[in-house]
There are 2 protein chains.
Amino acid sequence: MSDLLERLRGRGWRMTAQRRVVAEVLDGEHVHLTADEVHSRAVAKLPEISRATVYNTLGELVSLGEVLEVSTDQRAKRYDPNAHQPHHHLVCARCGAIRDVHPVGNPLADLPDSERFGFTVSDVEVTYRGVCPNCAAA
Amino acid sequence: MSDLLERLRGRGWRMTAQRRVVAEVLDGEHVHLTADEVHSRAVAKLPEISRATVYNTLGELVSLGEVLEVSTDQRAKRYDPNAHQPHHHLVCARCGAIRDVHPVGNPLADLPDSERFGFTVSDVEVTYRGVCPNCAAA
DNA sequence: CACTTACTTTGGACAATGTCTAATTCGAGC
DNA sequence: GCTCGAATTAGACATTGTCCAAAGTAAGTG
């Protein structure tokens with residue numbers, strides 16, 4: 001994720017300890033934390049960071065296109081650092097585990113003109129739901 | 001929607017003025033109201049209906065499979081009475097307008113085994129995003 | 001028709017998530 | 001080092017949803 005910090009600095013992002021910590025928390029594969037989870041983990045590294053800053057920073061990262069906002073449950077938004085490779089999500093209906101997945105084909109092409117109601121359609125978001133191996137075993 | 005009332009009564013649903021009003025509000029095509037919108041419209045017909053009852057009733061309708069819960073924005077849940085015909089949603093990114101759409105093919109089949117991570121996948125939810133004709137004109 | 005009982009409704013307190021603001025602090029260029 | 005605009009902070013506030021105990025009511029029974 002140091003590439004991220006480099007990219008952001010290059011874009012004129014003022015670097016602060018708080019922003020660095022938030023970026024560090026959002027590193028990894030299949031990471032889909034809520035704002036609150038990001039805040040908890042950030043506090044572990046930098047105890048005086050405030051909730052507002054975490055929200056601000058997450059919002060900025062989303063605007064910059066470095067992080068995606070996904071809503072796989074209808075509770076809190078989750079933040080996905082894997083923004084540079086298009087993907088969809090597979091969610092466990094029991095425990096809420098989330099995996100990034102890559103379906104074949106382009107779902108956008110599956111919506112016929114007759115079903116577009118004159119909209120200019122630019123994006124599609126797919127959420128698969130099922131039961132993960134852990135929950136199936138239990 | 002009187003069929004709905006019949007079906008519910010047949011399933012042992014106790015009929016009350018409040019439940020009737022909520023069911024009436026949820027009648028029509030391309031209806032995707034939030035709980036709060038349902039409440040406002042219900043109050044117009046039955047001023048003393050409470051917020052808790054609207055939430056309760058919506059929850060019951062969802063459990064009974066008569067209404068779907070959809071989350072096209074990450075604010076409030078919306079309730080879709082078109083539960084008996086499988087469909088997906090097309091959302092205007094500017095004004096939030098929602099249409100029911102029917103893509104060709106089965107998106108479930110587009111997720112290869114290698115991308116299922118051992119999950120038992122049972123359902124898929126697709127949200128198309130774009131700009132509606134009204135907003136494009138403005 | 002009146003009774004009874006279990007199911008529903010109600011209002012308000014509470015919880016979770018997110019937004020906003022004014023005052024303070026701080027990064028980084030000169 | 002300064003300076004200044006940008007970032008951070010604490011906490012109030014807003015929105016959406018849940019929970020509970022008390023009161024009300026639908027509908028079967030006799």
Side-chain angles (χ1 to χ4, degrees), chain A residues 5-26 32-43 45-64 66-80 96, chain B residues 5-26 32-43 45-64 66-80 96:
Chain A
L5 292 180
E6 279 318 306
R7 273 203 305 279
L8 293 173
R9 199 190 299 272
R11 293 217 230 166
W13 221 46
R14 182 189 274 184
M15 191 49 55
T16 67
Q18 291 83 348
R19 288 175 168 181
R20 190 167 17 250
V21 164
V22 169
E24 280 169 17
V25 166
L26 284 174
H32 307 89
L33 300 170
T34 64
D36 232 42
E37 287 163 352
V38 172
H39 181 233
S40 301
R41 299 189 188 198
V43 164
K45 292 170 182 257
L46 184 70
E48 64 277 21
I49 193 171
S50 82
R51 237 162 45 90
T53 297
V54 171
Y55 276 99
N56 287 344
T57 304
L58 289 172
E60 282 156 20
L61 289 170
V62 170
S63 296
L64 292 170
E66 295 291 346
V67 163
L68 293 179
E69 217 170 60
V70 303
S71 35
T72 52
D73 62 50
Q74 55 274 71
R75 296 256 304 280
K77 297 176 198 164
R78 292 179 175 274
Y79 295 88
D80 184 340
Chain B
L5 292 180
E6 279 317 307
R7 273 203 306 277
L8 294 173
R9 198 190 299 273
R11 294 218 230 164
W13 222 45
R14 182 191 272 185
M15 192 48 54
T16 67
Q18 291 85 346
R19 288 175 169 183
R20 189 166 19 248
V21 164
V22 169
E24 281 170 16
V25 166
L26 284 174
H32 307 91
L33 300 170
T34 64
D36 232 41
E37 287 164 352
V38 172
H39 181 232
S40 301
R41 300 189 186 198
V43 164
K45 293 169 180 255
L46 185 70
E48 65 278 21
I49 193 172
S50 81
R51 237 163 44 92
T53 297
V54 170
Y55 276 97
N56 287 343
T57 304
L58 288 172
E60 281 156 20
L61 288 171
V62 170
S63 295
L64 292 169
E66 294 292 347
V67 164
L68 293 180
E69 219 170 56
V70 302
S71 33
T72 52
D73 62 48
Q74 54 274 72
R75 295 258 304 280
K77 295 176 199 167
R78 293 179 174 274
Y79 295 88
D80 184 340

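None of the values given here were measured: they were computed from a predicted structure. The sequence lines fix the lettering, A, B, ..., with proteins before strands; numbering per chain opens at 1. Basis for what follows: all heavy atoms, side chains included, without hydrogens, waters or symmetry-related copies.
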Going 5' to 3' through nucleotides 18-23 of chain C and flagging B where a protein heavy-atom sits under 4.0 Å of the base, S where only the sugar-phosphate is that close, and - otherwise, we get BBB---
So, do B:Q18 and B:T57 sit near enough that their side-chain heavy atoms are less than 4.5 Å apart?
no
Rounded to 10°, tell me the angle between the two end axes of the helix from C:dC1-D:dG30 to C:dC30-D:dG1, each built from five pairs.
30°
Between the side chains of A:R11 and A:E6, is the shortest nitrogen-to-carboxylate-oxygen separation below 4.0 Å, so that they form an ion pair?
no
Any donor-acceptor N/O pair, B:R41 side chain to B:D36 backbone, under 3.5 Å:
no
B:R19: side chain to side chain donor-acceptor pair (under 3.5 Å) partners, not counting sequence neighbours
B:E60
Output the rounded distance in Å from CG (B:L61) to C1' (C:dT8).
14 Å
Nearest-Å distance, CG (B:D73) to C1' (C:dT17)?
14 Å
Atom CZ of B:R9 to atom P of C:dC7: distance rounded to whole Å?
18 Å
Respond yes when some side-chain nitrogen or oxygen of A:S50 is under 4.0 Å from OP1 or OP2 of D:dG11, and no when none is.
no
Protein and nucleotides 2-5 of chain C: nitrogen or oxygen contacts under 3.5 angstrom:
none

Between C:dT25 atom C1' and A:L46 atom CG, what is the distance in whole Å?
14 Å
Please report the closest heavy-atom contact between A:W13 and A:L64, naming both atoms and the distance.
NE1-CD1, 3.7 Å
Judged by atom type as modelled, is there a donor-acceptor pair below 3.5 Å linking the side chain of A:S63 to the main-chain atoms of A:G59?
yes
Mind calculating the distance between CD1 (A:I49) and P (D:dA7) to the nearest angstrom?
14 Å
If only atom types and distance count, is the side chain of B:R78 paired as donor or acceptor with the main-chain N or O of B:H32 below 3.5 Å?
yes
Any side-chain to backbone donor/acceptor pair from B:S71 onto B:Q74? Under 3.5 Å, distance only.
no
Once side chain to side chain donor-acceptor pair (under 3.5 Å) is applied, do any residues pair with A:H39, and if so which ones, sequence neighbours excluded?
none
Nearest whole angstrom, please: distance from the P of C:dT24 to the CD of A:Q18.
18 Å
Rounded to whole Å, the CZ-C1' distance (B:R20 to C:dT9) equals 15 Å
For A:S40, all residues meeting side chain to side chain donor-acceptor pair (under 3.5 Å), sequence neighbours excluded
none
Whole-Å distance between C:dT25 P and A:M15 CE?
23 Å
Nearest heavy-atom pair of B:A76 and B:T34: which atoms, and what distance?
CB-CG2, 3.9 Å
Give B:T53 one of three labels, base, sugar-phosphate or nothing, depending on what nucleic acid heavy atoms sit under 4.0 Å from its own.
base
